[in-house]
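Only one structure is covered here, and it is reproduced in the block below.
These numbers come from a predicted model, not from an experiment. A note on names: the letters A, B, ... follow the listed sequences, proteins ahead of strands, and every chain is numbered from 1.
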Number of protein chains: 2
Amino acid sequence: MTEAVTMSNLMRALADPTRRTVFERVFDSEEISVADLTRGSGVTQGAISQHLKSLKQAGLVAERAEGRHVFYHAAPEGLEPLVTWMDHYGVFWRDRFTNLRSLLKEIDP
Amino acid sequence: MTEAVTMSNLMRALADPTRRTVFERVFDSEEISVADLTRGSGVTQGAISQHLKSLKQAGLVAERAEGRHVFYHAAPEGLEPLVTWMDHYGVFWRDRFTNLRSLLKEIDP
DNA sequence: CTAATGCATTAGTCAATGCTAATATATTTG
DNA sequence: CAAATATATTAGCATTGACTAATGCATTAG
């Protein structure tokens with residue numbers, strides 16, 4: 001059941017477009033403050049804080065407080081439950097075998 | 001924007017536990033009728049039909065009508081947009097390199 | 001033909017969700 | 001210290017979402 005709960009948290013967190021955009025912006029930055037995330041988001045700072053709370057609970061972001069700032073960074077490991085879930089449906093390797101070869105060479109030439 | 005809409009459809013479809021269970025049951029069966037899906041689902045037949053509609057719009061299932069029955073089957077290709085989205089976050093290959101080698105041997109021994 | 005079956009759709013209800021505006025809590029600055 | 005800044009939290013509102021019960025529409029069975 002824990003797995004299902006986790007998946008629901010994750011999927012619900014990612015289902016909202018605004019929140020997904022927040023996650024993408026956090027990921028694309030090394031670190032980013034709430035104010036910076038608010039800028040150009042189209043919603044208020046309060047809303048951004050709420051989205052960050054959801055993302056944090058889903059394990060997708062983490063924070064680092066510094067003075068009156070709070071810097072967020074991505075935690076893409078939080079996507080693992082989703083990967084595991086999808087793995088069951090064999091969608092990972094389908095149509096990806098060509099990439100596999102070049103990737104392997106890259107790792108172990 | 002189409003991409004975002006697709007992603008939202010997909011994520012929203014998979015966010016609900018009941019609907020996710022429906023998808024899993026459809027996937028695990030070659031084909032399955034609405035009545036069979038309703039059985040043991042804990043919700044009414046109407047609810048199941050609604051979930052199937054969502055899943056269909058998300059591209060995760062397809063149907064085949066036969067007489068008064070409608071048989072559903074999974075369309076796991078519908079998960080591709082999710083795979084593509086996650087690919088951007090590098091979660092696929094992380095911790096999967098060991099599997100990679102054996103998989104490659106399997107493909108091209 | 002009539003009754004029964006399988007499924008989809010609709011209206012209505014209740015809970016959950018995303019948002020704003022306002023406020024509370026720190027922290028920094030002058 | 002007082003004003004300003006950065007973030008979190010709260011209450012309230014409008015919207016969405018999942019569900020049931022009821023109904024409609026085909027199709028098959030008796």
*Whole Å only: how far is the NZ atom of A/Lys53 from the C1' atom of D/dT10?*
10 Å
_Sorted by number, the residues of residues 26-38 of chain B with heavy-atom contact under 4.0 Å to DNA chain D_ = none
Distances for protein N/O vs nucleotides 19-22 of chain C N/O pairs under 3.5 angstrom?
residue : atom : partner : partner atom : Å
C/dC19  : OP1  : A/Thr18 : OG1          : 3.2
C/dC19  : OP2  : A/His51 : NE2          : 2.2
C/dT20  : OP2  : A/Thr44 : N            : 3.0
C/dT20  : OP2  : A/Thr44 : OG1          : 3.0
C/dT20  : O4   : A/Gln50 : NE2          : 3.1

*List in chain and number order the residues that pass salt bridge (charged side-chain N to carboxylate O under 4.0 Å, His left out) with B/Lys56, two or more places apart in sequence or in another chain; answer none if no residue qualifies.*
B/Glu63
_A/Trp85 side chain reached by A/Leu10 side chain, heavy atoms, under 4.5 Å_ = no
*Given side chains that start at C-beta, do those of A/Leu37 and A/Leu52 come closer than 4.5 Å, heavy atoms only?*
yes
_Check: A/Leu79 and A/Leu60 side chains under 4.5 Å, non-hydrogen atoms_ = yes
*Return the set of residues passing ring pair (Phe, Tyr, Trp, His ring centres under 6.0 Å) with B/His73 (not counting sequence neighbours), or none when no residue passes.*
none
*Contacts of B/Asp36 that satisfy salt bridge (charged side-chain N to carboxylate O under 4.0 Å, His left out) - sequence neighbours left out*: B/Arg39
*Interatomic distance, A/Arg39 CZ vs D/dA6 C1' [rounded to whole Å]*: 12 Å
_B/Glu31: salt bridge (charged side-chain N to carboxylate O under 4.0 Å, His left out) partners, not counting sequence neighbours_ = B/Arg64
*Contacts of type side-chain contact (heavy atoms from CB on, under 4.5 Å), residue A/Arg19, not counting sequence neighbours*: A/Ala13, A/Asp16, A/His51, A/Ser54, A/Leu55
*asked:* Once salt bridge (charged side-chain N to carboxylate O under 4.0 Å, His left out) is applied, do any residues pair with B/Glu24, and if so which ones, sequence neighbours excluded?
replied: none
_With sequence neighbours excluded, residues passing side chain to side chain donor-acceptor pair (under 3.5 Å) with A/Ser49_ = A/Gln45
*Hey, can you pull the residues of residues 54-65 of chain A with a non-hydrogen atom under 4.0 angstrom from DNA chain C?*
none
*What residues in residues 67-74 of chain A put a non-hydrogen atom under 4.0 Å from any atom of DNA chain D?*
A/Arg68, A/His69, A/Val70, A/Tyr72
*Grab the CD1-C1' distance between B/Ile48 and C/dC7 for me, whole Å please.*
12 Å
*Check whether any side-chain heavy atom of A/Leu82 sits under 4.5 Å from a side-chain heavy atom of B/Leu14, and report yes or no.*
no
*Is the shortest heavy-atom distance from the side chain of A/Val61 to the side chain of A/Val22 under 4.5 Å?*
no
*Under the side-chain contact (heavy atoms from CB on, under 4.5 Å) test, which residues partner A/Ala74, sequence neighbours left out?*
A/Phe23, A/Val26, A/Phe27, A/Pro76
